[in-house]
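This report concerns only the one structure given below.
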Amino acid sequence: MAQSDFLYPDNPRRRQEVNRLHQQLLDCLSDSFHATNKLTGVLNTHLACSLAAIEMKRDGTIKENCDIIIQAMMKIQKELQKVDEALKDKLEPTLYRKLQDIKERETEKIAIVQKVISVILGEATSAASAVAVKLVGSNVTTGIINKLVTVLAQIGASLLGSIGVAVLGLGIDMIIRAILGAVEKTQLQAAIKSYEKHLVEFKSASEKYHQAITEVTNTVKHQMK
């Protein structure tokens, strides 16, 4: 037991809690890498994009990995903006407005996009039209992705940002030293609160992001049957 544990008997429990929360944060980060690559694959396949897959930097910090995902999402948003601008340019104003109307049926939106998708991409497929409708004619880019980008930026700028993602393999005492440096372990409670606060926001934004991507991939599968 560390000497400070005699003065602060809750520290051993807090060490375990920091370790658990750190793992949860890394799990969320890993899931976001996977989901982003899944979305990238859909865009490359069906909307003729040339987006690169991303990989977690195992020897990097939490901030560095948050930044990798943020940069990938910004590139995705730029590609979707290009598609949106092309649709706006090729479609009649009344038809383009229908794409933005949440009350309009999805099948009708896909039929609208189908009219011009060949001009934009050089070929016309129902899957491409469905992807465009799901990602351009929805709140995925303006709402869900923006929210996740904001949360990732906040995590990167927080107390957690400078922590290495690979510290889990070092043992709990090494994790604590990596997280708090030379600072006395009385700050464990502050670390726990920071993890808990950001995890709630991260999990919520991440779940919505994953759900949106799953809906896109399911729609593509349905269109390709």
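Residues take their numbers from the sequence shown, with the count starting at 1.
Taken to the nearest 0.5 Å, the NZ atom of Lys115 stands 7.0 Å off from the CG atom of Leu95. We find the CD1-CD1 distance between Ile145 and Ile70 to be 12.5 Å, quoted to the nearest 0.5 Å. From Ile120, atom CD1 reaches atom CD of Glu85 across 11.0 Å, with rounding to the nearest 0.5 Å. In this structure, Asp67 CG and Ile62 CD1 are separated by 12.0 Å, a value rounded to the nearest 0.5 Å. If you take CD1 on Ile117 and CG on Leu87, they are separated by 6.0 Å, rounding to the nearest 0.5 Å. Separation of atoms CG (Leu199) and CD1 (Ile155) is listed at 7.0 Å; rounding is to 0.5 Å.
A pairwise comparison of heavy atoms in Val113 and Ala132 identifies CG1-CB, 4.1 Å as the closest pair. Smallest separation of non-hydrogen atoms from Val131 and Val42: CG2-CG1, 3.7 Å. Of all non-hydrogen atoms in Asn37 and Ala53, the two that sit nearest each other are OD1-CA, 3.3 Å. Across Ala35 and Ile213, no two heavy atoms sit closer than the pair O-CD1, 3.3 Å. Contact detail for Tyr195 and His22: the closest heavy-atom pair is OH-ND1, 2.7 Å. Minimum interatomic distance between Ile110 and Ser126 (heavy atoms only, all atoms of both residues): CG2-O, 4.3 Å.
Counting heavy atoms from C-beta on, the side chains of Ser158 and Gln154 never come closer than 4.5 Å. Taking the side chain as every heavy atom from C-beta outward, Leu21 and Glu196 approach each other to under 4.5 Å. Residues Phe202 and Leu152 form a side-chain contact, since some pair of their non-hydrogen atoms from C-beta on lies under 4.5 Å apart. For the pair His210 and Lys38, the minimum side-chain heavy-atom distance is 4.5 Å or more. Side-chain contact between Asp31 and Tyr209 is absent, with no heavy-atom pair separated by less than 4.5 Å. Val83 has its side chain out of reach of Leu121: every pair of non-hydrogen atoms, C-beta onward, lies at least 4.5 Å apart. Using a 4.5 Å heavy-atom threshold, the side chains of Glu79 and Leu47 count as separate. For the pair Ile68 and Asn65, the minimum side-chain heavy-atom distance is below 4.5 Å.
Using a 4.0 Å cut-off between a side-chain N of Lys or Arg and a carboxylate O of Asp or Glu, Glu201 and Lys147 do not qualify as a salt bridge. We find that Lys88 and Asp84 are not joined by a salt bridge, their nearest charged nitrogen and carboxylate oxygen being 4.0 Å or further apart.
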Worked verdict on Cys28 versus Gln24 for side-chain contact (heavy atoms from CB on, under 4.5 Å) | CA-CA 6 Å; Cys28 282; Gln24 286 187 25; 5.8 Å; no
Would you sort out whether Leu25 and His198 count as a side-chain contact (heavy atoms from CB on, under 4.5 Å), showing the intermediate values?
-> CA-CA 9 Å; Leu25 183 66; His198 289 102; 5.5 Å; no
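In the hydrophobic clustering of this structure, Val136 groups with Met74; members are Ile, Leu, Val, Met, Phe, Trp, Tyr whose side-chain heavy atoms approach within less than 4.5 Å, directly or through other members.
Using a distance-only test at 3.5 Å, with no hydrogens or angles considered, a donor-acceptor pair links the side chain of Thr219 to the main chain of Glu215. Without hydrogens or angle criteria, Thr40 side chain to Thr36 main chain gives a donor-acceptor distance under 3.5 Å. Judged purely by atom type and a 3.5 angstrom limit, Glu64 uses its side chain to pair as donor or acceptor with the backbone of Thr61. Checking side-chain atoms of Ser30 against main-chain N and O of Asp27 turns up no donor-acceptor pair under 3.5 Å.
Between Ser129 and the options Lys109, Gln114, His46, a side chain to side chain donor-acceptor pair (under 3.5 Å) holds for only Gln114.
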